[in-house]
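Remember, predicted model here, so these are calculated numbers, not experimental data. Only this structure's heavy atoms are used, side chains among them; waters, hydrogens and symmetry mates stay out. By convention in this document, chain letters (A, B, ...) are assigned in the order of the sequence lines, proteins followed by strands, and residues within each chain are numbered from 1.
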Amino acid sequence: MKPHRRILVTSALPYANGPIHLGYLLEAIQTDIWVRFQRLRGNECLYVCADDTHGTPIMLKAQAEGISPEQLIEQVNVEHRRDLADMLISLDNFGSTHSAENKVLCERLYIALREAGHIERRTIRQAYDAVANMFLPDRYVKGTCPNCATPGQYGDSCEACGATYTPADLKDPISVVSGTRPIERESEHYFFRLSKFDADLRSWITEGAVQESVARKLEEWFSQGLRDWDISRDAPYFGFEIPGAPGKYFYVWFDAPIGYLASFTQLCERIGVRFDDFFAAGASTELHHFIGKDILYFHTLFWPAVLQGAGLRRPTAVHAHGFVTINGQKMSKSRGTFITARRYLDSFSPEYLRYYFAAKLGPGIEDLDMNLEEFTARLNSDIVGKLVNIASRCAGFISKSSGGKLAASLADRDLFAAFTARAEQIGAAYESLDYAGAIREIMALADRANQYIDQRKPWMLAKNSENAAEVQAICTQGLNFFRTLMIYLSPVLPVMAAKSALFFGEAPWCWSTAGTPLLGTTIQPYEALASRLDMKAVAGLIEPAAAEIAAPVTAAPRAAAPGAVAPGAAAPAMISIEDFARIDLRVAKILSAELIPGADKLLKLRVDLGEQGERDLFAGIRAAYDPANLVGRLTVVVANLQPRKMRFGTSAGMVLAAGPGGKDIFLLSPDSGAAPGMRVK
RNA sequence: GGUGAGGUAGCUCAGCUGGUUAGAGCGUGGCACUCAUAAUGCCGAGGUCGAGGGUUCGAGUCCCUCUCUCACCA
């Protein structure tokens, strides 16, 4: 018997600027299966999470929606809680980083770090938006790459050539908040002296706190030398003000992981657990963080160093996983594959997704592809065809010929023992996050159960009432196989497992229940535990989103939030890359251009869009261009603009041009080599 | 560009410290069965293990080079 473990587990904090989606669910499900497994084994396992609510993106999104950041994060919090609960994520507490508890803890940890000499003040130069009156994070400055001259790059690195730099290096920089050119300004910032923790972190990592492949990845960062970490941001910033530093706020990534502690504090108060049991230096309890591989840096370097520096314990382990792709591609709003938890839950059982993810999830950090056809086939085959089928084909005989009573002894003890003998291996697979391995083992047993029933053919024996005892024995054996398998699967399929326990007339199971067969008791009438998935319905997970794209883009309501930074009047609202992808820009060849009688600003153009064929559109460029000079040239048009009826006909698109109007208007042209129909992106 | 991960049957993946004819599930072809949600069982077809080179008695498994995919870069 293993000693009783006391474990605190977290999932990464979802950012409070959008809904829970399948990518985050992979993490929540991975964590929850592990948590439920630990509880099933009889360990004390507490599971907390919270919304990550601070930072510039939240501040600007709230402004764009005309509400306060507090209102925004409250709305999102309600949705997040509901989505996770409906996904059967067994959180003990779901809090928010914008909580009183978190404020207290941030200050406490910060002061502890300061007292210990881990904080240093430095003056830095940073891009500043003089119109919006705010310092700009690197991602909020765009401009032309100083290395390869690709325009439209973010302030930290170039997506075209991969160069990294600072916003000051950009050519022609603009603030994406106001659209104006940022200036440089000095500001005093607070740095956490991460570089002092190099040796401690290295030993922590070699002690098995992370997966091996992750450790290799971290080696890169160590070999480059750890840089100190800027943990402060200037006002205006949605977050907590730093004690003793008016106008300075904790960077969102400083207060986010502390949100784990804050959420845990709330749980401690509610159920009477001692915070120090889990966080005092040298605590004998376990602390496990589950995260996506994108935030490794924060959780494997900053976070353990901050904890240690503040005199607290370090995590036992940080478990990283890969991302979800849909049908082989990144989730994308424009492809309709950005599937939210809600969209999934509107049509399907949470357990199906839990099973599918579990069946494909290993301990590594590879991405997991969700193929919708495979999802359907896998669920129908494994759950309905194999697993549930065992109960379904045995229960009827027990009810009819034995009055619902199970036989008093097992027909085949050895085969049952073969099932229970796998418990250790399956448990080890769960423990090491090799859920796919666990599922493989379990399904192999399900095959053996079906084989057993097939060989004994109870349906043949049942034709003669003399064989009643034998039929009962076979089906008792079969149902016990099913029971064992459901116990093994209960971390993945908690509701089906609970229903199955009721079907057997038993109290909720624990892991060791599987070791003893259930005999001589009366079972309940069998009711279907799962129903088949329809491929068409599953495909619908994607199509509704695609339909949304076709709808006209409505501008986000914008209102000047009182007391907050008002973006400059000329500032377009921020859009995401997905929003941009909705606009189908195409290279077009102008086939003909003609004057329109009665229209003094318009020209009628016929353009060639390659595979999209030819179409007519009107352009308000008559004052600037002679039709004869336009024929044959290439330009760029918006190809998916809603057709617009005009007095002279219907315009099926829009030509891109810049300038105030009249004679000062300038058509865009692609460089030579572009062909009609090419997508501009 | 740097780094990491990955490239094994149509699909999704197992293959531990190198060792007999490379495995599973799904899909597919055939047969059987009809208790079970067109569920189940049996038999079969399908792979020069990304490419090339090397080490070895022997390599999917180790080393080198190349190539493709994905991710991360504070």
Each nucleotide in nucleotides 33-41 of chain B should get exactly one letter: B, S or -. Can you fill that in based on protein heavy atoms under 4.0 Å? SSBBB-SBS
Taking any heavy-atom pair under 4.0 Å as a contact, classify A/Phe298: base, sugar-phosphate, or nothing.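 Contact class for A/Phe298: none.
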Under 4.0 Å, heavy atoms only, any strand: does A/Arg440 hit a base, just the sugar-phosphate, or nothing?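 Answer is sugar-phosphate: A/Arg440 comes under 4.0 Å of backbone atoms only.
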When you compare [N] with [M], how far apart are their [atom1] atoms, in angstrom units rounded to a whole number?
N	M	atom1	result
B/G1	B/U40	P	50 Å
B/G27	B/A39	P	8 Å
B/C11	B/U56	P	37 Å

List the atom of A/Val492, the atom of A/Pro494, and the distance in Å for their closest heavy-atom pair.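 Heavy atoms only, the tightest pair is O-CD, 3.1 Å.
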With the threshold set at under 4.0 Å for non-hydrogen atoms, list the residues of residues 464-473 of chain A touching RNA chain B in residue-number order.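 Contacts with RNA chain B under 4.0 Å: none.
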Select from A/Leu368 and A/Ile365 the residue whose nearest nucleotide in RNA chain B is closer to the 5' end of that strand.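 Mapping each residue to its closest nucleotide by heavy atoms, the 5'-most match is A/Ile365.
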Verify, without hydrogens or angle tests, whether A/Asp228 (side chain) and A/Leu194 (backbone) share a donor-acceptor contact under 3.5 angstrom.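 Between the backbone of A/Leu194 and the side chain of A/Asp228 there is a qualifying donor-acceptor contact (under 3.5 Å).
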Going by distance alone, is a donor N or O of one side chain under 3.5 Å from an acceptor N or O of the other, for A/Gln425 and A/Arg422?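 The criterion, which ignores hydrogens and geometry beyond distance, is satisfied for A/Arg422 and A/Gln425.
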Using Watson-Crick or G-U wobble geometry with both distances under 3.5 Å, which nucleotide pairs with B/C31?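 Because both required distances fall under 3.5 Å, B/C31 counts as paired with B/G41.
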A/Arg227: partners by side-chain contact (heavy atoms from CB on, under 4.5 Å), with sequence neighbours left out: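 side-chain contact (heavy atoms from CB on, under 4.5 Å) check on A/Arg227 returns nothing, list empty.
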